[in-house]
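Just below is one structure, and these are the notes that go with it.
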Amino acid sequence: MYLGEDIRKLGFGLMRLPQKDGVIDVEQVKVMVDKFLAAGFTYFDTAWAYPGSEDAIRQALVERYPREKFQLATKNAAWINCKTREDAVAQFETSLKQTGAGYFDFYLLHNLGESRTKFFDDFDMWSFVQEKKKEGKIRHAGFSFHSTPEELEEILKAHPEMEFVQLQINYGDWENPAIQSRACYETARKYDKPVIIMEPVKGGMLANPPESVREILNAAEPESSCASWAVRFAANLDGLVTVLSGMSSVEQMEDNLSYMKDFKKLTPKQEETIEKAREALAKIPIIPCTTCNYCAKVCPQNIGVSGSFTAMNYLTLYGDKEAAKHQENWLVNMHGKKPAADCVKCGACEKACPQHIAIRDELEKVAKALA
């Protein structure tokens, strides 16, 4: 059986769940889970590194539905605060306890690439996931990846036992030389690995793109959301397990279900529209941050990196400094983070960044622009 052939092409990404008073709104998540399953979709994606996510999905999904009615994926981030193999293995046990799932349909070694891969090698997490497969605690083992196609090929050659790859793919990054979505996708397919797509809407940025992009999409299909174009572009590719969409509201869920429930391949005209949108987007110099916040986990100064970049992109796209400063105040100051000006340029953030952003330089620009 082809891996994932029984999984429909929309997956519920649990990284950006709705919040209420600073904590995940489990009751709203329950509503979203119910709608998702009722529409015939079954794939849920969480991670040990997503604060509160595993616990929330236990309450909203695992404790409310028969285990065979859904597929649950989670991830191991051995590069976060792990000194020994035991530390890394403990993440798996924590995930089992927090989700209450009993086993994971899909288990990923998380965010491989650059210096992060070494942790999985040093702790031999490759053999660990195979051991857990034999025990029935893992059904399918794979990895998520943020780096070059050359490094991806090295890993696939070294570990042919891995069953799938999770990649960042969206029309904004398809030809982006920093992300190389197309080249990474083609490398995975070269080794006949099914692909799970993450960041199809690029952390929400393609849901509300610049005016030049929005005009192209709206002119082609006035009734369709900008987010729908991004998700459909990803779902149109061959060899997929599913496309993850990090939904954070019932409205986003309903929009995704409206066009993915009976998904059909894109027409040549629709493909042409997306290419025009991609070209328009590529002309605008925004910071390609997806708010994954891996930088925040290693920053010794507690700088609000992603919030600062969101504010800066707001200024770049809309030219409204007051609105941008409001964004900075809310996303940085009100969340207990320090401003861009407090960066000491240690560079730890850049080693952890999946998007390969020159974070120190960009923070300096933010500090000046929003002063």
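Just so we're clear, the structure is a prediction, and the values are computed from it rather than from any experiment.
Taking the centre and axis of the six-membered ring of Phe41, the NZ or CZ atom of Arg8 falls inside the cone set by 45° and 6.0 Å. Figure legend: cation-pi geometry between Arg116 and Tyr294 absent, as NZ or CZ is not positioned both under 6.0 Å from the six-membered ring centre and within 45° of its axis. Geometrically, Arg139 engages Tyr103 in a cation-pi contact, judged by NZ or CZ lying under 6.0 Å from the ring centre and within 45° of the ring axis.
Ring geometry for Phe143 against Trp126 counts as perpendicular: the plane angle is over 60°, on a 0 to 90° scale with 30° as the lower cut. Using bins of under 30°, 30° to 60° and over 60° for the plane-to-plane angle, the ring pair Trp174/Tyr185 lands in the tilted bin. Between Tyr50 and His110, the ring planes lie perpendicular to each other; the angle is over 60°, past the 30° to 60° tilted range. The aromatic rings of His140 and Phe106 sit tilted relative to each other, their planes meeting at an angle between 30° and 60°.
The salt bridge (charged side-chain N to carboxylate O under 4.0 Å, His left out) check on Glu254 picks up Lys35, with sequence neighbours excluded.
Atom NZ of Lys345 has more than 12 heavy atoms from other residues, nucleotides or ligands within 6.0 Å.
Atom-to-atom distance recorded for Glu221:CD and Ile216:CD1 is 13.5 Å, nearest 0.5 angstrom. In this structure, CD1 in Ile274 is found 11.0 Å from CG in Asn170, a value given to the nearest 0.5 Å.
For the residue pair Asn236/Gln270, the side-chain donor-acceptor check at 3.5 Å is not satisfied. When only modelled atom types and interatomic distance are considered, Gln28 and Gln19 share no side-chain donor-acceptor pair under 3.5 Å. Side-chain contact, Asp124 with Ser127: a donor N or O sits under 3.5 Å from an acceptor N or O. With no hydrogens or angles considered, a side-chain donor-acceptor pair links Glu54 and Thr74 at under 3.5 Å. No hydrogens or angles considered: nothing links the side chains of Glu271 and Thr267 as a donor-acceptor pair under 3.5 Å.
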Under the salt bridge (Lys or Arg N to Asp or Glu O under 4.0 Å) rule, what do Lys132 and Glu135 come out as? Steps first, then yes or no, please.
-> CA-CA 5 Å; Lys132 292 302 172 183; Glu135 294 175 13; 3.1 Å; yes
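In this structure, Tyr43 has its ring center at least 6.0 angstrom away from the ring center of Phe70.
Taking all atoms of both residues into account, the shortest heavy-atom contact from Ala277 to Leu217 is CB-CD2, 3.8 Å.
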